[in-house]
Chemist: 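Structure in structure tokens, see below.
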Amino acid sequence: MDVHKLEQKARWVRRQVLEMIVGAGKGHIGGSLSCTDLLVALFHGGILRFDAKNPSWHERDRYIHSKGHAPESFYAVLASVGYFPVEELTSYAHPGAVLGPSADTDIPGIEIHGGSLGHGLGIAIGLAISAQMDRRDHLVVVMLGDGESHEGSVWEAAMFAAYHRLNNLIAIVDHNGQMVLDYTKSLDPFDEKWQAFGWDVRVINGHSFEQIFSAFEDVRNRKSEKPLAIIANTVKGKGVSFMEGQLHWHHNVPKGEQVEIARKELTIKCLTRMLT
Amino acid sequence: MLNPNVDMRDALFDEVCEIAAEDRNVILLTGDHGAFGLERFKKDMPDQYFNVGIAEQNLVNIAAGLALGGKVPFIYGITSFLVYRAYEQIRLHLSGMNLHVAIIGSGAGYTYDLEGPTHHAIQDLAMMRALPGMTIYNPSDSVTCAALGRLAYKNAGPTYVRIDKGVYPQVHENIHDFSSGFGVIGPGRDVIIVSTGVMVHQALKVADELSKLSIDTSVIDLYRIKPVDTESLVSVLEQGERIVSLEEHCVVGGIGSLLSEVLTEKGSVLPLKKIALPDQNYHENGNRRLLHAWHGLDVDSVKTMVLEWR
């Protein structure tokens with residue numbers, strides 16, 4: 001797997017996120033940037049099984065973007081693999097646009113109405129059970145936020161999934177360490193909680209493609225009966241220097257010079273790579 | 001042929017068991033709430049049964065996922081917890097994505113009288129009526145319960161059935177066309193009492209008392225509360241002189257409100273009296289009979305209200 005190509009893809013996705021949010025004047029930039037590498041790995045790295053030209057392909061892996069309030073990088077990735085034209089991205093969150101601030105099922109590639117947190121894991125359980133009952137071997141992958149993991153319904157689902165041995169279910173937590181107003185230290189020790197709930201847990205750097213691929217290497221033939229939680233340590237606002245790790249960038253929109261700086265940072269690296 | 005003298009829940013679950021035996025995609029999920037008929041389901045079709053535990057949000061989320069995965073979930077729990085606690089999940093996924101899920105709420109109104117207000121489902125109609133695409137039933141007898149099981153299965157979108165427990169006199173014939181949404185009992189048109197669920201039996205008693213006083217009264221059992229066949233319903237209502245709604249539900253958003261909406265929409269000037277639970281909190285503990293007496297839903301109180309209503 002060409003990591004360099006994936007890094008370029010990720011940079012391109014981050015640039016789209018910036019332009020979408022600046023163009024619309026709204027969006028959840030920090031949380032979209034933090035899960036970008038994970039999404040690029042899933043959809044461009046050969047992890048997920050899907051057919052962009054046939055979004056309802058019965059054998060597809062089901063991917064649920066449970067942190068649906070931050071769909072921007074997900075939209076960019078879906079466009080980049082062909083679910084809909086890339087040009088659609090410029091319409092993001094404009095009046096009448098299909099690509100709204102919360103993902104919904106009118107959009108090809110999107111399985112549930114997103115935007116309210118804490119639901120995706122339970123819904124994923126229903127999909128995982130259906131697959132096991134019908135002896136279909138597709139995966140069910142759900143991405144949660146760590147802020148989202150405060151919702152009790154997440155833990156109701158976690159308990160159920162482990163008890164019912166749903167080992168075709170994978171939860172990825174975009175553990176960027178922040179929610180809206182604060183850091184998510186109250187969740188610590190986070191990985192131990194998933195373990196205590198009966199999940200296999202893999203903790204990775206969510207910005208390292210090597211580590212992401214390593215975490216997913218055996219997902220289609222794990223011996224374990226437990227569902228898998230991948231706790232991806234990430235940085236909120238990753239890719240834009242003044243945003244990284246700052247509480248300010250949950251749903252604020254960069255303005256003026258900030259936009260220019262962000263654009264440079266999401267272009268220069270690419271150019272540098274291309275020139276060397 | 002259905003035996004009408006069975007507990008309402010058994011009538012419904014017997015039908016659901018038959019359906020689940022025919023279609024292995026039917027999955028029954030309970031929030032740790034039991035019923036006699038459920039035991040049979042669990043025994044005969046264990047692979048199609050899950051006790052999710054006392055976790056209503058997870059229960060509805062899982063049902064949504066099952067529906068998306070091609071299954072036909074029937075979810076079951078105590079109404080007040082299922083609907084109130086998991087309302088957001090019902091709103092966003094079952095209604096919002098128009099999913100093929102049947103919600104069976106055990107307890108309508110004061111079914112669980114002695115358990116106290118936490119168990120009383122007296123605002124759920126207001127809540128569920130507000131959800132697009134939600135079909136809502138409240139049966140008054142076992143014959144209707146059995147029919148509803150099949151109707152919920154066949155409905156492409158979400159269906160909400162709130163049911164009582166116990167054996168009640170048969171109201172509808174087996175051959176009644178349950179797709180109509182309501183049944184008219186009696187020819188009287190001085191007063192038409194519109195009710196739903198077990199309060200239909202209360203309404204029938206009131207109708208009987210009024211008729212003895214030469215106020216010819218009939219009863220409409222509105223067992224399908226949404227959608228309402230407005231044309232057909234209004235055409236019956238307009239045969240009457242005065243309309244009364246009687247419900248074990250708060251006055252806001254239930255049957256009375258529904259009739260107000262329907263009649264106003266049609267430009268009707270029919271007098272309408274809403275007899276329902278007042279818009280106030282209460283903490284008294286009592287059985288159904290006492291709760292009715294305290295809130296003016298007993299036969300004598302209703303009769304008096306109608307007589308004094310001029």
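First the proteins, then the strands, lettered A, B, ... as listed; each starts at 1. Please read all numbers here as calculations on a predicted model, not as lab measurements.
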Chemist: In Å and rounded to the nearest 0.5 Å, what is the CG to CH2 distance from Asn58(B) to Trp155(A)?
Modeler: 13.0 Å
Chemist: To check you understand the geometry: which heavy-atom pair defines the closest contact between Gly96(B) and His113(A), and what is its length?
Modeler: O-NE2, 3.1 Å
Chemist: Working to the nearest 0.5 angstrom, can you tell me the gap between Leu121(A) CG and Asn61(B) CG?
Modeler: 9.0 Å
Chemist: So which part of Val52(B) gets closer than 4.5 Å to some heavy atom of chain A, the side chain, the backbone, both or neither?
Modeler: both
Chemist: Side chain from CB out, backbone as N, CA, C, O: work out which of these in Ala124(A) comes under 4.5 Å of a heavy atom of chain B, or both, or neither.
Modeler: neither
Chemist: From Leu68(B) CG over to Ile112(A) CD1, what is the distance, rounded to the nearest 0.5 angstrom?
Modeler: 8.0 Å
Chemist: Could you look at His58(A) and say if it's the side chain, the backbone, both or neither that has a heavy atom under 4.5 Å from chain B?
Modeler: neither
Chemist: Side chain from CB out, backbone as N, CA, C, O: work out which of these in Arg136(A) comes under 4.5 Å of a heavy atom of chain B, or both, or neither.
Modeler: side chain
Chemist: Let me know if Glu111(A) has heavy atoms under 4.5 Å from chain B in its side chain, its backbone, both or neither.
Modeler: backbone
Chemist: For Phe50(B) and Phe160(A), take the angle between the two ring planes, folded into 0 to 90°, and tell me which bin it lands in: parallel under 30, tilted 30 to 60, perpendicular over 60.
Modeler: tilted
Chemist: Within this structure, what is the CD1-CD1 distance for the pair Ile27(B) and Ile129(A), rounded to the nearest 0.5 Å?
Modeler: 8.0 Å
Chemist: With side chains defined as the heavy atoms from C-beta onward, is the minimum distance between Thr105(A) and Met97(B) less than 4.5 Å?
Modeler: yes
Chemist: Identify the heavy atoms of Lys71(B) and Asp134(A) that sit nearest to each other, and give their distance.
Modeler: NZ-OD1, 2.5 Å
Chemist: Let me know if Leu29(B) has heavy atoms under 4.5 Å from chain A in its side chain, its backbone, both or neither.
Modeler: neither
Chemist: Taking atom CE of Met133(A) and atom CG of Leu66(B), what is their separation to the nearest 0.5 Å?
Modeler: 7.0 Å
Chemist: Of all heavy-atom pairs between Gly65(B) and Ser130(A), which one has the smallest distance, and what is that distance?
Modeler: O-OG, 4.2 Å
